[in-house]
There are 2 protein chains.
Amino acid sequence: MDKDKIDKKDHILDVAERIFSDLGFDGASTRMISGEAGVNMAMLNYYFGSKEGLFLAVFERKISSFQTLLQNIGNDESMSSWDKLEKCIDNYVDRMIVNNCFQKLINREMSMGKRWDLTDKITEILMINVMELKKIFEEGIKNGSFGKGIDPELMIATIFGTKNYIINAPHIASLMLGHDIRDEEFLEEKFKPRFKTYMKQLLKSYLMNDNDYTK
Amino acid sequence: MDKDKIDKKDHILDVAERIFSDLGFDGASTRMISGEAGVNMAMLNYYFGSKEGLFLAVFERKISSFQTLLQNIGNDESMSSWDKLEKCIDNYVDRMIVNNCFQKLINREMSMGKRWDLTDKITEILMINVMELKKIFEEGIKNGSFGKGIDPELMIATIFGTKNYIINAPHIASLMLGHDIRDEEFLEEKFKPRFKTYMKQLLKSYLMNDNDYTK
DNA sequence: CAAAATTAATCAAACGATTGATTGGCTTGG
DNA sequence: CCAAGCCAATCAATCGTTTGATTAATTTTG
């Protein structure tokens, strides 16, 4: 049956995603992935062409679920610029917890200079989110919701950067917060609300200033 | 001469630092490092014992140069809490540019779970900076300079996170800013001042609010 | 319908390349 | 001369990938 084939490919992708996330692209070996997935090594190349093809397949599957999610926030005419921004933040925070292994994987690969075709594809995807935010900021400036003196680009760096910092350095974050960040209950009940609140206050304070720098 | 030996070891460490930073531990090969350093491959093992030994040597050299560099601004009685924070930001931004290769290396290694002895060591170093900032924030809250409702821990995440985002994803950052972030002249003349200004305004807006959340 | 032909899926084995590490001998300064 | 510095050659291991054979499934044909 066709169903079985898809299930098997999906199972391979599940295993590959976990191993890639844990060990990175270089650290993960095709033998390990095939072994853990219970399939013959040659199947990886048979199905996905190459190790890199497998990695891309993992990536594409993951992001296809993202793509549509936040796409239409920006185009919603009924929301104010600030409401859109709030919605984006809620979205990012919720997703960052669920997919933190995968996010780590992306961040690691992005910081690596090599494998240009790969990073190009990742860049392409990430830039969608970036542009989405940028659009909201620029719209907000135009219609006067946000101060004229704000720096949209660096604000984006702050939004993603703060999120990534927590994800990439959970060891440090845990020490800082006085609680293991990987504890799911703590994450869900304490950290997520706190993080959302903080982010919104931080951005709001900055955005609602005119930040006039012509002292 | 002994001097020559030290110079050569140092040169190897220079090259190794750059290559490890660019390609990661797994991605960097001993042949590449030795080749680019212009020494025989066997010399790496002769000097440093192993690839991991070389990696550790890169770290220790860099860390030892850090140790002395960051002195406690926090204990200066003559500065206001805000002035201290400003000074810290200037410090971090300046340093981030100089050592961005190494910073990348640290961030990657921290996000990777393995090599615990190493991450423990890195954590120790990074926590010094974290605690320094935390002290300033808490002092500012206590003496009324900063609003009571602020979230010091997440602010720290924002400061380091924003910085790391630029460093780790220069490809994205460059696209965002419309200019290659690795262009040194642009970095020094345009980006650094802009980044400092943004950071200070962002933090100031947030800190000077009372952020009362009991709506 | 049944036999033959074709295609798809799977496997063990081996491929060439590259990895980090080691050897043994050559060179050289003290 | 002799230890330290150095290097070409080589090691076993592992890497991602390919192969050719085998089985299972599907389609075609008489």
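Here the structure is a predicted model, which is why all the values come from computation and not from measurement. The chains referred to below are lettered A, B, ... by the order of the sequence lines, with proteins before strands, and numbering in each begins at 1.
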**Prompt:** How many Å lie between CE on A:M43 and C1' on D:dG16, as a whole number?
**Reply:** 16 Å
**Message:** Taking atom NZ as the centre, does B:K192 end up with more than 12 heavy-atom neighbours from other residues, nucleotides or ligands that are less than 6.0 angstrom away?
**Reply:** yes
**Message:** Would you say the ring centers of A:F195 and A:Y92 fall short of 6.0 Å from each other?
**Reply:** no
**Request:** Take atom CG of B:L54 and atom P of C:dT19, then tell me their distance rounded to the nearest Å.
**Result:** 15 Å
**Message:** Quick check for you: among D:dC6, C:dT10, C:dG20, whose closest atom lies nearest to any side-chain atom of A:K8?
**Reply:** C:dT10
**Message:** Whether the A:T162 and B:T158 side chains hold a donor-acceptor pair (N or O, under 3.5 Å, no angle test) is what I'd like checked.
**Reply:** yes
**Message:** From CZ of B:F55 over to P of C:dT19, roughly how many Å is that when rounded to an integer?
**Reply:** 17 Å
**Request:** Taking the six-membered ring for Trp and the full ring for Phe, Tyr or His, determine whether the centres of A:F55 and A:F59 are under 6.0 Å apart.
**Result:** no
**Request:** Measure the distance from CG on B:L44 to P on D:dC7 and round it to the nearest whole Å.
**Result:** 11 Å
**Item:** Between C:dT19 (C1') and B:F25 (CZ): distance, integer Å
**Value:** 12 Å
**Request:** Rounded off to whole Å, could you give me the CE-to-P distance for the B:M32 and C:dA17 pair?
**Result:** 17 Å
**Asked** Can you say whether the rings of A:F146 and A:W82 are parallel (under 30°), tilted (30 to 60°) or perpendicular (over 60°)?
**Response** perpendicular
Provide a list of protein-nucleic acid N or O atom pairs under 3.5 angstrom, restricted to nucleotides 17-20 of chain D.
| from | atom 1 | to | atom 2 | distance (Å) |
| --- | --- | --- | --- | --- |
| D:dT17 | OP2 | A:N45 | OD1 | 3.4 |
| D:dT17 | OP2 | A:K51 | N | 2.7 |

**Nearest listed nucleotide, side chain of A:Y46, among C:dA8, C:dC11, D:dG16** = C:dA8
**Request:** Write down the distance between OH (B:Y47) and C1' (C:dG20), rounded to a whole number of angstrom.
**Result:** 19 Å
**Request:** Check whether NZ of the Lys or CZ of the Arg A:K51 lies under 6.0 Å from the centre of the six-membered ring of A:F20 and within 45 degrees of that ring's axis.
**Result:** no
